[in-house]
Amino acid sequence: MRFLFIFILTVLTSNAAVAGERIAGTNAYFVNEQRWHTGNGTGFWMQNNYGTFEVTEGPLDPGPVECHGSGFWTGSGLSVTGGGVCIYGEGADTHTWRYTANPGRATTWTIIHATGKYAGMTGKGKSATRKNNDGIKVRIRITDWVGQVEFAK
């Protein structure tokens with residue numbers, strides 16, 4: 001009986017640690033991107049975007065965001081690979097996310113560093129950049145994100 005109690009307690013506490021808190025929000029920034037065509041509908045891109053983020057769900061405070069990255073595209077820019085970082089917040093309270101663009105799938109992100117009131121925070125999720133009806137990214141880039149975070153105890 002004691003073994004069963006310890007087993008149930010272990011399962012319940014391990015599930016609580018995995019669950020985390022759901023977050024959702026939106027980044028908005030003017031596009032600051034350079035592109036170089038490498039031939040046959042392919043190319044290389046670099047971006048340095050600065051803007052703001054809003055939180056629609058979860059315990060994060062809204063504020064400034066900057067995203068920097070690079071990668072490649074094929075097929076008129078519709079199949080994109082690459083990655084970079086986004087730094088959320090300002091002053092002593094920031095969190096940095098590494099993102100990876102995956103062709104044909106949602107972009108994934110992972111929190112790689114956090115400071116101040118976010119120190120020790122971890123998390124991961126997915127994001128997608130909105131496109132207009134022609135499949136072309138708009139001049140003001142809007143990216144929606146969702147995921148889960150856990151705070152240090």
Side-chain angles (χ1 to χ4, degrees), residues 13-39 41-153:
T13 57
S14 66
N15 283 345
V18 171
E21 293 188 56
R22 181 178 157 79
I23 60 170
T26 302
N27 297 352
Y29 27 61
F30 285 102
V31 175
N32 181 14
E33 184 173 272
Q34 294 177 288
R35 294 173 174 234
W36 295 271
H37 292 275
T38 58
T42 64
F44 178 76
W45 58 270
M46 284 182 10
Q47 69 176 9
N48 292 296
N49 297 327
Y50 296 86
T52 60
F53 73 100
E54 295 294 326
V55 179
T56 55
E57 186 175 345
L60 304 178
D61 292 331
V65 61
E66 59 182 85
C67 294
H68 308 281
S70 64
F72 294 91
W73 81 82
T74 60
S76 300
L78 299 177
S79 179
V80 177
T81 61
V85 297
C86 291
I87 301 136
Y88 292 83
E90 61 188 332
D93 302 320
T94 65
H95 38 100
T96 302
W97 303 6
R98 177 180 57 218
Y99 68 87
T100 304
N102 306 295
R105 298 186 319 239
T107 297
T108 57
W109 56 264
T110 304
I111 297 174
I112 59 171
H113 185 66
T115 63
K117 68 181 174 183
Y118 300 111
M121 181 175 72
T122 61
K124 63 182 178 177
K126 296 182 178 185
S127 65
T129 297
R130 297 180 192 175
K131 297 179 182 182
N132 68 14
N133 292 336
D134 297 326
I136 300 170
K137 293 178 183 168
V138 294
R139 294 189 58 75
I140 295 176
R141 185 154 298 161
I142 300 173
T143 302
D144 301 301
W145 43 264
V146 297
Q148 294 196 337
V149 295
E150 288 187 41
F151 291 89
K153 297 183 185 202

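All values derive from a computational prediction rather than experimental measurement.
The structure places OG1 of Thr96 at 12.5 Å from CH2 of Trp109, a figure rounded to the nearest 0.5 Å. Taking NZ from Lys124 and CZ from Arg98, the interatomic distance works out to 12.0 Å, rounded to the nearest 0.5 Å.
Taking every heavy atom of both residues into account, Tyr99 and Val85 meet most closely at CE2-N, 3.5 Å. Between Met121 and Phe151 the shortest heavy-atom distance is SD-CE2, 3.6 Å. Between Glu54 and Trp145 the shortest heavy-atom distance is O-CZ2, 3.9 Å. Summarising the geometry of Thr94 relative to Glu90, their closest heavy-atom pair is CG2-N, 3.8 Å, with the distance given to 0.1 Å. Between Ala152 and Ala119, the shortest heavy-atom contact is CB-O, 3.8 Å. The two atoms that bring Trp45 and Glu33 nearest to each other are CE3-OE1, 4.1 Å, heavy atoms only.
Under the salt bridge (charged side-chain N to carboxylate O under 4.0 Å, His left out) criterion, Glu57 pairs with Arg22, not counting sequence neighbours. With sequence neighbours left out, the ring-ring contact (aromatic ring centres under 6.0 Å, His included) criterion links Tyr29 to no other residue. Here Phe72 pairs with Phe44 under the ring-ring contact (aromatic ring centres under 6.0 Å, His included) rule; sequence neighbours left out.
For the pair Val149/His95, no side-chain contact is recorded, criterion being any heavy-atom separation below 4.5 Å from C-beta on. Using a 4.5 Å cut-off on side-chain heavy atoms (C-beta onward), Trp97 and Ser127 make no contact. Residues Val55 and Phe53 are in side-chain contact: their nearest non-hydrogen atoms beyond the backbone lie under 4.5 Å apart. Counting only heavy atoms from C-beta outward, the side chains of Asp144 and Arg130 approach each other to under 4.5 Å. The closest side-chain heavy-atom distance from Ile111 to Thr122 is not below 4.5 Å. When side chains are defined from C-beta on, Tyr118 counts as touching Asp61, because their heavy atoms get closer than 4.5 Å. Between Thr26 and Ile142 there is a side-chain heavy-atom pair separated by less than 4.5 Å.
For the pair Asn49 (side chain) and Val31 (backbone), a donor-acceptor distance under 3.5 Å is absent. Side-chain atoms of Thr115 come within 3.5 Å of backbone atoms of Ala92 as a donor-acceptor pair (strictly under, hydrogens ignored). Between the Thr100 side chain and the Thr108 main chain, no donor and acceptor come within less than 3.5 Å of each other. Without hydrogens or angle criteria, Asn27 side chain to Thr143 main chain gives no donor-acceptor distance under 3.5 Å.
Counting only N and O atoms by type, the side chains of Thr42 and Thr74 include no donor and acceptor under 3.5 Å apart.
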Could you go step by step and tell me if Tyr50 and His68 meet the ring-ring contact (aromatic ring centres under 6.0 Å, His included) rule? CA-CA 9 Å; Tyr50 296 86; His68 308 281; 5.5 Å; yes

